[in-house]
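Everything numeric here is computed off the predicted structure, so don't read it as measured data.
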Amino acid sequence: QVQLVESGGGLVQAGGSLRLSCAASGGTFSVYAMGWFRQAPGKEREFVAAVSRSGSNYGYADSVKGRATISRDNAKNTVYLQMNSLKPEDTAVYFCAAKTTLVDLPLSRGYDYWGQGTQVTVSS
């Protein structure tokens, strides 16, 4: 079973950038599709971005498309989320997730393992 630990959250002004990291341990990282999700206060958790097992295929929510870049380093068992041009509405707890899969596709749902989350707060 894989364990996921997110880091890199914090307080940033609108227009700024953050790079979130998610370190995985306890599993074979390259068999997992990886995703980032977020949950704002009073709202349901929503999909942000996903990357396939190999790192070759990506998917993004419309709300972050053009501002976010997901990547992974299978040698370091780590997935990243670079967020630019941050907006106050990006404020949320950001979660990393992993799903065992045989296909090399980014997945927006059905994740098996979750991290504890990291808080991102964007001030106006």
Side-chain angles (χ1 to χ4, degrees):
Q1 181 171 341
V2 64
Q3 290 82 46
L4 305 172
V5 178
E6 301 95 336
S7 61
L11 174 64
V12 63
Q13 288 188 331
S17 298
L18 278 177
R19 188 194 197 202
L20 306 181
S21 299
C22 172
S25 61
T28 303
F29 188 63
S30 60
V31 306
Y32 299 107
M34 300 297 297
W36 285 96
F37 293 74
R38 67 187 182 186
Q39 187 167 19
K43 295 187 177 181
E44 293 187 354
R45 187 163 55 192
E46 64 175 2
F47 168 74
V48 176
V51 61
S52 65
R53 291 175 43 166
S54 69
S56 298
N57 300 299
Y58 316 95
Y60 297 94
D62 288 343
S63 58
V64 303
K65 200 169 292 183
R67 300 188 297 119
T69 302
I70 189 170
S71 61
R72 66 189 292 164
D73 185 336
N74 284 354
K76 295 183 178 180
N77 291 356
T78 302
V79 62
Y80 306 95
L81 182 68
Q82 176 72 40
M83 292 283 292
N84 301 321
S85 303
L86 283 160
K87 306 175 182 179
E89 51 263 44
D90 293 319
T91 295
V93 178
Y94 282 70
F95 298 90
C96 171
K99 178 175 177 57
T100 309
T101 178
L102 298 177
V103 296
D104 192 34
L105 293 172
L107 303 174
S108 63
R109 64 187 69 184
Y111 282 81
D112 304 309
Y113 306 102
W114 296 85
Q116 293 299 307
T118 184
Q119 176 71 47
V120 172
T121 302
V122 184
S123 63
S124 58

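Taking hydrophobic clusters as Ile, Leu, Val, Met, Phe, Trp and Tyr residues chained together by side-chain heavy-atom distances below 4.5 Å, Y113 does not share a cluster with Y111. If you chain together hydrophobic residues whose side chains sit under 4.5 Å apart, W114 and F47 fall into the same group.
Pairs engaging residues 15-72 under the disulfide (SG to SG under 2.5 Å) rule: C22-C96 [sequence neighbours left out]. Applying the disulfide (SG to SG under 2.5 Å) test to every pair with at least one member in residues 31-80, sequence neighbours left out, gives no pairs at all. Sorted by first and then second residue, the pairs that involve residues 76-88 and meet side-chain hydrogen bond (donor to acceptor under 3.5 Å, both in side chains), not counting sequence neighbours, are S17-N84, Q82-N84. Judged as a salt bridge (charged side-chain N to carboxylate O under 4.0 Å, His left out), not a single pair has a partner in residues 1-17 (not counting sequence neighbours).
Put simply, the side chain of Y60 gets close to the backbone of I70: a donor and an acceptor are under 3.5 Å apart. With hydrogens and angles ignored, the 3.5 Å screen pairs no side-chain donor or acceptor of R45 with any backbone N or O of F95. Using a distance-only test at 3.5 Å, with no hydrogens or angles considered, a donor-acceptor pair links the side chain of Y58 to the main chain of G55. Using a distance-only test at 3.5 Å, with no hydrogens or angles considered, a donor-acceptor pair links the side chain of T91 to the main chain of V122.
The hydrophobic cluster of L102 has no other members, since no ILVMFWY side-chain heavy atom comes under 4.5 Å of it.
In terms of heavy atoms, N57 sits closest to P106 at CB-CD, 3.6 Å.
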Pairs of donor and acceptor atoms involving the side chains of residues 30-42, under 3.5 Å and at least two apart or interchain, shall be tabulated with distances.
residue : atom : partner : partner atom : Å
R38     : NE   : E46     : OE2          : 2.6
R38     : NH1  : D90     : OD1          : 2.9
R38     : NH1  : Y94     : OH           : 2.9
R38     : NH2  : E46     : OE2          : 3.1
R38     : NH2  : S63     : OG           : 3.4
Q39     : NE2  : K43     : O            : 3.0

